[in-house]
Amino acid sequence: MTATTATAPGKEQSAEEPGPAGPNDPFDRDVLPTPPGATAALLRSLLAPMKARVAVTTLLLLLQQAAVQAGPLLVAYAIDSAVPAFRRDDLGPLIAVGVAYLLCALASGVLQYAFILLSARVNQDVLLDLRGRIFRHAQALSLDFHERYTSGRLISRSTTDVESLRELLDEGLQELVTVILSFVYISAMLLWLDLGLGTVAVASFVPLYLLVRLYRRRAARVYTLRSTAIAAVIVKFVETMNGIRPVRAFRREAANDADFRVLNTRHERTNGDALLEMARYVVGSRLVANTAVAGIVLWGAYRVAGGTLALGVLAAAVLYLRRLYDPIDRLGMFLNSYQSAAASLEKIAGLLAQTPSVPEPSAPRQLPALASEHPGREVVFDGVRFGYRTGGEVLPRFDLTMPAGQTVAVVGSTGAGKSTLAKLLARFYDPSDGRVLLDGVDLRELAVPELRRGVVMVTQEAFLFSGTVAENIAIGRPDATREEIEQAAKAIGAHDFISSLPDGYDTDVRKRGGRISAGQRQLVAFARALLADPAVLILDEATSSLDIPGERAVQRAMSTVLHGRTAVVIAHRLSTVEIADRVLVMEHGKIVEDGTPAELVAGTGRFADLHRAWRDSLA
Ligand SMILES: Nc1ncnc2c1ncn2[C@@H]1O[C@H](COP(=O)(O)OP(=O)(O)OP(=O)(O)O)[C@@H](O)[C@H]1O
Ligand SMILES: [Mg+2]
């Protein structure tokens with residue numbers, strides 16, 4: 001099946017959708033640049049494991065159609081042979097026809113039942129596999145992908161697009177195979193019954209075929225527009241609800257309503273267009289079909305009157321044609337679901353064809369064993385250059401060595417590149433040039449579990465997963481015991497507030513009563529990082545939501561926790577800097593000052609200015 005053909009016209013259309021990075025970013029479109037053949041390859045790989053079952057279902061359908069299509073033939077036999085025999089008092093043939101008809105009906109019912117059961121199972125497995133693949137793949141893709149391809153798009157891939165495939169598999173495919181089979185069976189039967197009538201009937205397929213082709217082309221366009229429109233509706237919905245707090249704070253409701261109304265109306269309009277195309281098709285195909293039937297009845301009647309055609313044969317021919325033309329309406333439906341499924345499959349294939357920009361190493365290396373007296377590791381930025389895909393260079397050639405066990409504070413103005421430095425060290429991104437080394441091993445070569453164990457980052461956002469507080473802390477080390485979890489919480493001063501929650505450590509953070517404040521979230525995130533016990537700990541504004549006593553408590557804990565570990569502490573509040581062995585001042589992606597806190601405070605540089613201003617503000 002060539003699922004790749006359907007969506008080309010939609011590519012210009014989807015560029016209309018607003019997105020974060022301007023109209024020329026391919027990630028703004030639902031259809032990502034897809035390598036040729038990717039869609040067909042995806043379909044093949046989905047069906048490959050069920051070859052045998054697909055073959056059996058096809059066989060079932062083949063037999064079922066044979067049983068169904070025997071009907072008119074039996075009618076012809078009844079009229080032309082059994083009824084005359086009955087007139088001669090021979091009841092045998094009529095009984096035989098009746099029994100055969102019943103048997104065929106029974107067989108077709110049973111076969112259809114088996115077919116539905118079996119094909120439903122195949123379809124379920126295909127969709128299960130596909131949705132799983134989308135989730136796994138999206139999760140494995142690097143951050144820069146997620147920054148560009150919104151979560152709304154991902155949701156619409158794994159909901160509407162998978163659903164449209166389900167529609168095709170559940171109804172459409174059976175319909176198509178049935179139609180094709182009936183065409184083959186019926187054409188053969190008609191030609192065999194009577195060459196002349198058969199030829200006329202087969203000739204009527206030509207305009208029908210042209211009609212189907214025309215419809216297919218027009219429907220392809222309309223359906224791509226429609227699926228793009230529904231995706232835009234979902235994207236808007238998700239983005240608005242994700243940002244519901246700023247929406248409220250800035251009274252964006254009315255503006256959002258207006259935007260949504262436009263998208264919603266556009267979607268409904270495309271729905272209307274699709275229905276209109278469908279209506280035109282149905283009218284056209286009925287016209288062709290009924291004209292053909294009328295022609296055959298007229299000509300057939302003329303021949304029956306002239307004695308060159310048996311009445312039963314004419315009856316069978318008309319019955320066959322009716323049977324054939326009936327599914328043609330449904331063929332339109334099938335083409336619809338085929339169009340949307342093909343469009344959906346192409347979008348999914350485009351998503352699955354994305355490769356992580358931060359790939360796992362093909363030959364992963366291990367870190368050298370840690371000397372037991374120092375749990376830290378040396379970090380080296382060696383000629384690193386980096387820029388985000390959607391912007392200019394953030395780090396222009398960056399060199400830095402942090403000896404194992406050093407606590408380095410990084411300060412600098414907003415946008416200087418501090419978080420970027422941290423994200424490179426955690427390998428959320430790879431440098432465009434140069435290397436980041438952990439104990440001499442390039443992060444790109446490091447086995448993923450090694451990296452996750454080696455470097456842990458705590459950020460301002462302190463995300464909590466659904467589940468209990470204890471589970472959230474244990475993410476740092478899934479095999480941790482309850483004691484270890486509590487110890488970690490105690491160490492950073494989170495134990496008191498956790499104990500006061502309705503169910504203590506077993507409070508569900510997403511349930512009522514489990515809602516915790518931003519500062520408390522940060523404490524939980526800290527406990528999680530502590531438990532993970534990494535060689536390199538990165539704290540990016542990790543105490544920004546804490547009050548002064550809370551921050552002090554964390555700092556006290558940190559000075560013991562960080563002991564011997566390599567740590568990067570990024571902070572705007574200079575109080576945090578006091579626990580550092582070394583301070584780096586960053587501006588525009590470069591280190592402009594580097595020294596111990598005491599040296600820098602005593603000097604005349606930027607840090608001294610900052611520090612003085614901070615002192616004054618405290619006084
Ligand atoms: N995901 C991103 N995509 C594109 N550009 C980004 C991204 N993140 C940061 N930038 C840009 O990179 C530059 C450095 O950002 P970075 O977050 O490293 O600054 P920072 O020093 O941490 O600032 P702050 O003190 O405000 O946290 C900024 O100009 C920012 O606009
Ligand atoms: Mg930052």
Side-chain angles (χ1 to χ4, degrees), residues 19-28 138 141-151 153-154 239 242-243 246 354 356-358 379 381 384-400 402 408-434 436 443 455-463 518 521-522 525-526 529 536-546 551 567-577 580 582-594 606-607 609-611 613-614:
N24 292 324
D25 188 346
F27 281 72
D28 249 11
L141 283 172
S142 311
L143 279 185
D144 69 332
F145 172 84
H146 290 282
E147 281 159 2
R148 299 203 285 163
Y149 199 78
T150 57
S151 59
R153 286 209 171 78
L154 282 178
E239 277 175 2
N242 273 348
Q354 292 295 310
S357 57
V358 178
V379 171
F381 282 76
V384 167
R385 298 165 66 123
F386 178 75
Y388 294 95
R389 280 210 203 174
T390 48
E393 194 156 70
V394 178
L395 296 184
R397 217 197 134 74
F398 190 88
D399 289 287
L400 172 68
M402 298 180 217
V408 179
V410 183
V411 299
S413 43
T414 293
K418 306 180 295 292
S419 299
T420 306
L421 180 75
K423 288 187 273 187
L424 285 170
L425 179 51
R427 204 181 172 220
F428 288 179
Y429 306 89
D430 278 338
S432 46
D433 202 12
V436 182
L443 294 187
V455 183
V456 166
M457 173 144 111
V458 182
T459 65
Q460 195 168 10
E461 287 102 34
F463 184 81
R521 272 207 307 277
Q522 284 197 333
F526 255 112
V536 178
L537 185 63
I538 307 167
L539 308 176
D540 187 356
E541 300 287 344
T543 52
S544 59
S545 302
L546 298 182
E551 191 172 40
V568 178
V569 183
I570 299 171
H572 283 295
R573 288 199 210 159
L574 294 190
S575 57
T576 327
V577 170
R582 176 184 180 190
V583 177
L584 302 175
V585 182
M586 258 183 103
E587 285 313 320
H588 305 296
K590 293 203 185 81
I591 297 174
V592 293
E593 282 172 51
D594 180 354
R606 215 165 119 51
F607 187 74
D609 291 344
L610 280 176
H611 198 264
W614 175 66

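For ligands, and for the atoms within them, numbers begin at 1 and follow the listed sequence. For clarity, every value in this text was computed on a predicted model and none was experimentally measured.
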What protein heavy atom is closest to [atom], reported as residue, atom name and distance in Å?
| atom | answer |
| --- | --- |
| atom 25 (O) of ligand 1 | Lys418 NZ, 2.7 Å |
| atom 26 (O) of ligand 1 | Thr414 CG2, 3.1 Å |
| atom 6 (C) of ligand 1 | Tyr388 CD1, 3.1 Å |
| atom 18 (O) of ligand 1 | Thr420 OG1, 2.4 Å |
| atom 22 (O) of ligand 1 | Ser419 OG, 2.6 Å |

Which of the numbered atoms in ligand 1 are below 4.0 angstrom from a heavy atom of Glu147?
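By the 4.0 Å cutoff, the relevant atoms are 1 (N).
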Which ligand 1 atoms are under 4.0 Å away from a heavy-atom of Val394?
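Going through ligand 1 atom by atom, the ones under 4.0 Å from Val394 are 12 (O), 13 (C), 14 (C).
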When only distance counts, is Glu541 in polar contact with ligand 1, meaning an N/O pair under 3.5 Å?
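Checking ligand 1 against Glu541, no N or O pair falls under 3.5 Å apart.
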So is Gly417 polar-close to ligand 1, meaning N/O to N/O under 3.5 Å?
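Looking only at distances, the answer is yes, because the N/O contact criterion of under 3.5 Å is met.
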Salt-bridged, Lys418 to Asp540, with N to O below 4.0 Å?
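No.
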Contact between ligand 1 and Gly412 is defined here as a heavy atom of the residue under 4.0 Å from a ligand atom; is it met?
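Judged by the 4.0 Å heavy-atom criterion, Gly412 does not count as contacting ligand 1.
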For the NE2 atom on His588, are there more than 12 heavy atoms of other groups (residues, nucleotides or ligands in this structure) within a distance under 6.0 Å?
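Counting other residues, nucleotides and ligands, NE2 of His588 stays at 12 neighbours or fewer.
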Please examine the side chains of [Y] and [X], heavy atoms only from C-beta on, and report whether any two atoms are closer than 4.5 Å.
| X | Y | answer |
| --- | --- | --- |
| Ser357 | Arg389 | yes |
| Ser413 | Arg606 | yes |
| Thr420 | Tyr429 | no |
| Tyr149 | Leu154 | yes |

Is atom 31 (O) of ligand 1 near the protein, in the sense that some protein heavy atom lies at less than 4.0 Å from it?
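No; the ligand atom in question lacks any protein heavy-atom contact below 4.0 Å.
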Closest approach of Arg521 to Glu461 (non-hydrogen atoms, all atoms of both residues)
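Minimum heavy-atom contact is NE-O, 4.1 Å.
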